Visitor: 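Take a look at this one; I'll ask things after.
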Protein chains: 2
Amino acid sequence: MGNNIVVGYEISKIGKKIKKIKLTKPALKSGPRSNMKREEKRQLKLDAILRHAAAAFMEKGYYKTSLDDIALLHKVTKPTLYYYVKNKEDILIKCEDVASVRINGLLDQVTACAENGFVQLENFIRGYVDIITDDIIRCHIRHRGQREDKAARNASLKMHRGIEHRVREIIIKGMDDGSIRDCNSTIIAILLFDALNGISAWYRDEGQLNHEELVQQVLLLVTEGVKNKV
Amino acid sequence: MGNNIVVGYEISKIGKKIKKIKLTKPALKSGPRSNMKREEKRQLKLDAILRHAAAAFMEKGYYKTSLDDIALLHKVTKPTLYYYVKNKEDILIKCEDVASVRINGLLDQVTACAENGFVQLENFIRGYVDIITDDIIRCHIRHRGQREDKAARNASLKMHRGIEHRVREIIIKGMDDGSIRDCNSTIIAILLFDALNGISAWYRDEGQLNHEELVQQVLLLVTEGVKNKV
DNA sequence: CTATATTGTTACCCATGAGTAACTTAAACT
DNA sequence: AGTTTAAGTTACTCATGGGTAACAATATAG
């Protein structure tokens, strides 16, 4: 009886990896109050782990950061991490989820305002530069690309395309309402993201460069370009 | 007599690693013609290795690419690679050297022309988008950042700063001669590189997007921005 | 107060891949 | 020719680090 508490076994398609699955479902019948507390605590710990991991990944890079490093930062041992994440890559995936929510949230907010396309684009840029201050987002931007798992790779691509598409829509709206000049919205959206995401690789809020100054320069560049109007 | 042909031993500072050093210096006395041929061949092979490595690194990433992978691409075995490069990281360093020469060469060319700052900047952008078509350059852009060796890390930073500085100089020149509007040249230079380097991560010459179209959109964005002039 | 699920630990396993030693073959100089 | 150097091979070592098994402690439920 000792070892039938926890698991059953399921052989994946390839038959190479064996996956543990729970047979006992997470007890949902008990009082939601106490359960809530547990779930809350768990979520907080997961968040902390993501923060620590993201910070480490940003400093040393994904492959140069071991799970032991992350565990140490979080003051637990490596196997404990596996209680919160499926594997190393899952950390990146969870960072991606956070990023998706925040960026799409920003887009919701921006597109909800009844402004013309250009102003919406400005607002998006402002918000985005703000968002990429967060280590988790920066970590995602830097490491979206590195996905061993095929499904994860596709999901990442899909989310990325989704966001790019929404920005493209803003640009198109701007061209329609006359606030943005005629241009190739696809290329412009990509270039914009290249520049903004690039910022996340070097900019620190604590650094010497002022946040407002940065935003101003970005907006001016995107708005006016650099050529002097004589 | 068998084993005193080749080597002496030298203990590095740390005393941990032992390094082989040649006592027999590379014969330079013999005819330069034949030597040239050897050096030439060697250089060609090194170039081929760099090409193969860069292609692999761009496809799978540095850490997911083993030296065996590269050796296989080059149709030799791993130890042979060590005849051409010091270690794995040395491949990145050699790619960096290539990149440095090409980009600084472009800058030489661009700044040699007696044009105003804005036109020089335009010419640089045109040339740069051309250059980042090359796998070796793309590899360098993607992996400058990953340097375990401290000296290599510093060298990389220095080269990068050097190039950025030269572009900043062009922008400043443009502001002086009135061809470029007043701006923070440091930030603009960085943003420009962020956008351009970003391109190297996704653009393929063989793809559906036309090279000229891309260059046009970049130049327009940098020149005019996206705001419609009413 | 006891049973059960939740967190966490110590001690492993084992695949991977960088780097090396020692030997073989091919080329080139005299 | 015959010897030296370059170029390449096979067969290893060995550190690293992701992942797991099995056990220990702590909460929570009934």
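Residue numbering restarts at 1 for every chain, and letters A, B, ... go by the order of the sequence lines. Note: hydrogens, waters and symmetry copies are ignored here, and every other heavy atom, side chains too, is used. Everything quoted here is computed from the prediction, not taken from an experiment.
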Visitor: Give a yes/no verdict on a cation-pi contact between A:K88 and A:Y62, requiring under 6.0 Å between NZ or CZ and the six-membered ring centre and an angle within 45° of the axis.
Guide: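 Yes, cation above the ring, under 6.0 Å and within 45°.
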Visitor: Got a sec? Which of residues 59-70 of chain B come in under 4.0 Å of DNA chain C, heavy atoms?
Guide: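 Heavy-atom contacts with DNA chain C come from B:T65, B:S66, B:L67.
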Visitor: Starting from C1' on C:dC13, measure out to OH on A:Y82 and report it in whole angstrom.
Guide: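 Rounded to whole Å, this separation is 13 Å.
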Visitor: Going by side-chain contact (heavy atoms from CB on, under 4.5 Å), name the residues that satisfy it together with B:Q217, two or more places apart in sequence or in a different chain.
Guide: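 If we apply the side-chain contact (heavy atoms from CB on, under 4.5 Å) test to B:Q217, skipping adjacent residues, the hits are A:C183, A:N184, A:I187, A:I188, B:E213.
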Visitor: Whole-Å distance between D:dA15 P and B:E148 CD?
Guide: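 Distance check: B:E148 CD to D:dA15 P gives 16 Å.
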Visitor: To the nearest Å, how far apart are A:K86 NZ and D:dG18 C1'?
Guide: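 Spelled out: NZ on A:K86 to C1' on D:dG18 is 14 Å.
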Visitor: Residues from residues 138-147 of chain A sitting under 4.0 Å of DNA chain C, heavy atoms only?
Guide: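 Of all residues in residues 138-147 of chain A, none places a heavy atom under 4.0 Å from DNA chain C.
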Visitor: Dump the pairs, protein N or O against N or O of nucleotides 8-11 of chain D, anything under 3.5 Å, distances to one decimal.
Guide:
unit_1, atom_1, unit_2, atom_2, d
D:dG8, OP1, B:K45, NZ, 3.2
D:dG8, OP2, B:Y84, OH, 2.8
D:dT9, OP2, B:T77, N, 2.6
D:dT9, OP2, B:T77, OG1, 2.6
D:dT9, OP2, B:T80, OG1, 2.9
D:dT9, O5', B:T77, OG1, 3.4

Visitor: From A:E164 CD over to A:F193 CZ, what is the distance, rounded to the nearest 0.5 angstrom?
Guide: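 If I round to the nearest 0.5 Å, the distance is 6.5 Å.
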Visitor: Suppose we screen for side chain to side chain donor-acceptor pair (under 3.5 Å). Which residues come up paired with B:K94, at least two apart in sequence or across chains?
Guide: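 Checked B:K94 against side chain to side chain donor-acceptor pair (under 3.5 Å); matches are B:D90.
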Visitor: Give a yes or no answer on whether the side chain of B:H160 reaches the backbone of B:S156 with a donor-acceptor pair at less than 3.5 Å.
Guide: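 Answer holds: no.
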Visitor: Please list, chain by chain and in numerical order, all residues satisfying side-chain contact (heavy atoms from CB on, under 4.5 Å) with B:R153, sequence neighbours excluded.
Guide: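 Testing B:R153 for side-chain contact (heavy atoms from CB on, under 4.5 Å), a comparison that skips the adjacent residues, returns B:R147, B:K150.
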Visitor: Between B:R42 and D:dA6, does any side-chain N or O lie under 4.0 Å from OP1 or OP2?
Guide: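 Indeed not, no polar side-chain atom of B:R42 lies that close.
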